[in-house]
Colleague: 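So that we are looking at the same thing, I have put the structure below in structure tokens.
For the numbers below, each heavy atom of this structure counts, side chains included, while hydrogens, waters and symmetry mates do not. Residue numbers start from 1 in every chain, and the chains themselves are labelled A, B, ... in the order their sequence lines are given, proteins ahead of strands.
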Amino acid sequence: MVSTEILAPTAGLVVQVSVSEGAAVSAGETLLVLQSMKTEIAITAEVGGRVRKIHVRKGDEVNIGQTLAEIES
Amino acid sequence: MVTGLASERRSMEVLRGGVETTVQDYPGRLGYWDIGIPPSGPLDDYSLRVANLLVGNAPGEAALEVTAGMFSVKARSDLVLAVTGADMQPTLGERRVPMWESFLAKEGDVLSLRIAGTTGFRAYIAVAGGIDVPSYLGSRSTFAAGGFGGFEGRVLKPSDLLKVGSSERTPSELVGRKARDGVIPRFAKTIEVEATVGPQAAPDFVSEDDLEAFFSEVHRVDRNANRLGYRLSPRQWRWARPDGGIAGKHPSNIIDNGYTVGSVNISGDQPIILMRDGPSAGGFICLCCVVTGSLWKVGQAAPGRDELKFKKVSYDEAIQLRRGLERNLQTGIR
């Protein structure tokens with residue numbers, strides 16, 4: 001099992017969490033949505049696997065580089 | 001027709017589009033500002049030009065601007081590439097590739113960029129031969145807000161197939177070219193940018209003291225900064241007027257007038273640096289203007305992370321800055 005950390009590519013506001021912990025996801029699937037740069041940015045899974053942990057909730061403000069979620073594959 | 005087929009084969013396929021990746025060339029779509037069409041082009045035009053020189057292209061050739069990262073692309077033929085700008089830890093397959101240096105991507109190799117991390121915000125990927133998208137109104141730059149230019153007028157997404165132009169030079173002539181140490185910029189969290197004062201400054205619009213204060217303060221980059229405008233934190237102004245007269249209630253209001261790229265526009269209490277996809281006219285004052293030779297540094301400021309400090313320069317100093325940048329580009333590759 002390899003755990004992949006999903007990092008915030010930019011500072012933003014979490015406006016949607018699309019998956020729950022334990023869910024199976026495929027590569028490219030949207031995990032959550034950030035509002036930043038006057039647009040919405042879908043944060044997708046780099047690899048397919050299982051969502052091990054989601055570190056943020058809707059309404060959280062995140063910094064660039066912050067861990068958003070972990071995918072186990 | 002044979003050459004046409006050969007150039008069709010030179011291409012790359014987008015696997016991961018990233019946050020906001022676009023095709024941009026320099027100086028962009030000039031000559032249509034009077035009808036509201038912005039120049040577009042790279043927000044860090046310096047790094048784009050270095051990337052092109054590394055792969056043997058003309059400095060303004062069309063290349064990729066990768067904003068915030070999470071981008072990957074697969075070479076569908078052997079290609080010579082270079083990555084400059086923000087360090088997003090580029091890899092070719094499993095192997096790290098150097099920044100500011102040209103390298104060979106073999107057919108099937110995947111170039112991946114992560115995120116910007118602690119400094120810088122935009123990376124540039126140049127390919128020998130340039131990105132072959134149609135020229136529209138004289139430029140290959142993308143204006144995504146207007147839906148034209150670049151690749152189908154939009155940001156890149158998975159499965160996009162980017163054609164690559166032909167290069168006169170062989171890969172062995174082009175691989176391993178490096179930028180000299182002095183031309184590689186060091187990005188920082190606090191970025192100093194040079195600006196000329198005006199056209200709407202002190203004493204007519206703000207007090208002399210307030211203008212000095214603005215130039216001594218550090219301004220945080222708002223998380224909504226983008227290719228149209230770089231929003232900074234609102235501040236308490238000491239206005240010279242109680243209101244905008246017939247132009248509006250707020251003292252930042254003026255009768256509509258033309259803007260220039262790099263203007264520091266004061267919209268209510270919020271300063272916004274007008275960038276390459278920004279508006280050509282409007283009814284807010286422009287306190288100062290980031291000079292051509294410094295605007296590239298603003299493009300490397302990350303929204304919500306970095307801060308800017310303005311340094312007042314004269315018209316002559318602005319010209320010297322631009323010439324210095326061009327000298328660096330002429331002598332910067334070995």
Colleague: At what distance, to the nearest 0.5 angstrom, does NZ of A/Lys38 lie from CG of B/Leu228?
Modeller: 9.0 Å
Colleague: Specify the closest pair of heavy atoms between A/Ala11 and B/Pro303, including all atoms of both residues, with the distance to one decimal.
Modeller: CB-O, 3.5 Å
Colleague: Would you indicate whether the side-chain heavy atoms of B/Arg305 and A/Thr10 approach each other to under 4.5 Å?
Modeller: no
Colleague: Give me the atom names and distance for the closest heavy-atom approach of B/Arg223 to A/Gly12.
Modeller: CD-CA, 3.6 Å
Colleague: Using non-hydrogen atoms only, which part of B/Ser72 is less than 4.5 Å away from chain A: side chain, backbone, both, or neither?
Modeller: neither
Colleague: Sort A/Gln35 into side chain, backbone, both or neither according to what part of it lies under 4.5 angstrom from a heavy atom of chain B.
Modeller: both
Colleague: Rounded to the nearest 0.5 Å, what separates atom CZ in B/Arg114 from atom CG in A/Leu7?
Modeller: 6.0 Å
Colleague: Tell me, side chain or backbone of A/Leu34 under 4.5 Å from chain B's heavy atoms, or both, or neither?
Modeller: neither
Colleague: Quick check: do B/Glu20 and A/Thr39 have side-chain heavy atoms less than 4.5 Å from each other?
Modeller: no
Colleague: If you draw a 6.0 Å radius around CZ in A/Arg57, do more than 12 non-hydrogen atoms from other residues or ligands fall strictly inside?
Modeller: no
Colleague: Examine whether an atom of A/Ala8 lies under 4.5 Å from a heavy atom of chain B, and if so say whether it belongs to the side chain, the backbone or both; otherwise answer neither.
Modeller: backbone
Colleague: For the residue pair B/Ala302 and A/Ile64, what are the closest heavy atoms and their distance?
Modeller: CB-CD1, 4.3 Å
Colleague: With a 4.5 angstrom heavy-atom cut-off, is it the side chain or the backbone of B/Arg16 that approaches chain A, or both, or neither?
Modeller: side chain
Colleague: Would you say that more than 12 heavy atoms from the other residues, nucleotides or ligands in this model lie under 6.0 Å from the NZ of B/Lys106, or not?
Modeller: no
Colleague: Answer yes or no: are there more than 12 heavy-atom neighbours, outside B/Lys157 itself, under 6.0 Å from its atom NZ?
Modeller: no
